[in-house]
Amino acid sequence: GGTERPATTGQGSEAVTEKAIDSPTTTAIKVSKSEEIPGLTHIDGASGFWDSWDADIENDGMLVGFSFNDAAGEYISFEDIPIDVTIKLFTIKRDDNFKEIKDREVYSGTARIYSDLDANEFSGGIRVPKEEIKVDPSVDDRFGWIEVTITTPKQGSFSTRGTLISLYE
């Protein structure tokens, strides 16, 4: 058998997934993997919604998700590849032409994920505790922007942005 610890997330945390296969002599051998996501050309659909992830009904923070996509925009599934994720949340303001522009950074954090499902807010998602989102509802607009950047082991970095993210309840 093997052991696996799921990805943990949050500012400054780092997760490690370990898998081992036992041979007939019970010697653990390391599973080799390519560490390349086949067909990956971009990430898309950065989003976040408020969720509760403990026993009480109170929302604990924002659950963030995004997708891995190929050149045709099709969703890509993968597992067992370490991906570093940086999430940033921003307030917005309007310029002289009433166009939304990025204003103040209210959250920046990192996580490590290992599969497309870890990045999907409906099957995993990345947790951003509400205490770490530095907004002031008396002055900050409720809606802001999210920026997600991933760094892959062999394919470089990719980014996406989402708008109309509720920065507070």
Side-chain angles (χ1 to χ4, degrees), residues 2-19 37 40-70 73-94 100-153 155 157-169:
T3 60
E4 181 173 347
R5 292 192 318 253
T8 57
T9 59
Q11 192 165 4
S13 68
E14 184 173 309
V16 176
T17 295
E18 298 170 347
K19 284 195 171 184
I37 303 169
L40 178 66
T41 61
H42 65 284
I43 61 172
D44 197 15
S47 64
F49 63 86
W50 288 87
D51 195 29
S52 173
W53 49 74
D54 60 16
D56 65 30
I57 60 169
E58 179 185 342
N59 283 336
D60 298 299
M62 186 181 296
L63 201 55
V64 173
F66 58 94
S67 63
F68 295 83
N69 300 90
D70 64 15
E74 295 296 318
Y75 186 90
I76 297 173
S77 294
F78 69 92
E79 58 184 16
D80 297 329
I81 300 174
I83 306 292
D84 292 322
V85 181
T86 300
I87 298 168
K88 293 184 178 190
L89 299 172
F90 297 91
T91 60
I92 55 170
K93 62 182 181 179
R94 300 198 184 275
E100 285 184 356
I101 56 174
K102 182 169 46 176
D103 189 21
R104 189 170 54 84
E105 183 179 287
V106 294
Y107 173 81
S108 180
T110 60
R112 177 166 285 170
I113 62 173
Y114 291 89
S115 76
D116 61 295
L117 295 178
D118 293 340
N120 182 320
E121 68 271 33
F122 300 107
S123 62
I126 300 170
R127 296 174 177 177
V128 176
K130 66 183 176 184
E131 298 81 15
E132 295 182 18
I133 302 172
K134 305 301 180 198
V135 291
D136 180 354
S138 68
V139 295
D140 292 325
D141 192 276
R142 177 185 193 111
F143 297 100
W145 286 0
I146 184 171
E147 291 181 355
V148 175
T149 301
I150 66 163
T151 303
T152 65
Q155 293 163 285
S157 295
F158 301 86
S159 295
T160 187
R161 182 180 76 199
T163 58
L164 288 177
I165 302 298
S166 181
L167 297 175
Y168 53 88
E169 295 182 89

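What you see is a predicted model, and the numbers here were worked out from it, not measured in a lab.
- Taking E147 as the reference, K102 meet the salt bridge (Lys or Arg N to Asp or Glu O under 4.0 Å) condition, with sequence neighbours excluded.
- Between I37 and Q155, the shortest heavy-atom contact is N-OE1, 2.7 Å.
- With sequence neighbours excluded, the residues forming a side-chain hydrogen bond (donor to acceptor under 3.5 Å, both in side chains) with S67 are N69, listed by chain and number.
- Shown here are the side-chain hydrogen bond (donor to acceptor under 3.5 Å, both in side chains) partners of D70, two or more places apart in sequence or in another chain: there are none.
- The salt bridge (Lys or Arg N to Asp or Glu O under 4.0 Å) check on D60 picks up nothing, with sequence neighbours excluded.
- Scored by the side-chain hydrogen bond (donor to acceptor under 3.5 Å, both in side chains) test, S115 finds no partners at all (sequence neighbours excluded).
- Remark: D56 pairs with no residue by the side-chain hydrogen bond (donor to acceptor under 3.5 Å, both in side chains) rule, at least two apart or across chains.
- Electrostatic pairing of D140 and R104 counts as a salt bridge here, judged by a charged N lying under 4.0 Å from a carboxylate O.
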Name the atoms and distances for all side-chain donor-acceptor pairs under 3.5 Å in residues 158-167, with sequence neighbours left out.
from : atom 1 : to   : atom 2 : distance (Å)
S159 : OG     : T149 : OG1    : 2.8
S166 : OG     : R142 : NE     : 3.2
S166 : OG     : Y168 : O      : 2.7

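- Atom CD1 of I146 and atom OG of S47 lie 7.0 Å apart (nearest 0.5 Å).
- Looking at residues two or more places apart in sequence or on another chain, you find a side-chain contact (heavy atoms from CB on, under 4.5 Å) between K130 and W50, E58, E169.
- Residues satisfying the side-chain contact (heavy atoms from CB on, under 4.5 Å) test with D116, not counting sequence neighbours, are F68, Y75, S77, F78.
- Applying the ring pair (Phe, Tyr, Trp, His ring centres under 6.0 Å) rule to pairs touching residues 115-148 yields F49-F122, sequence neighbours excluded.
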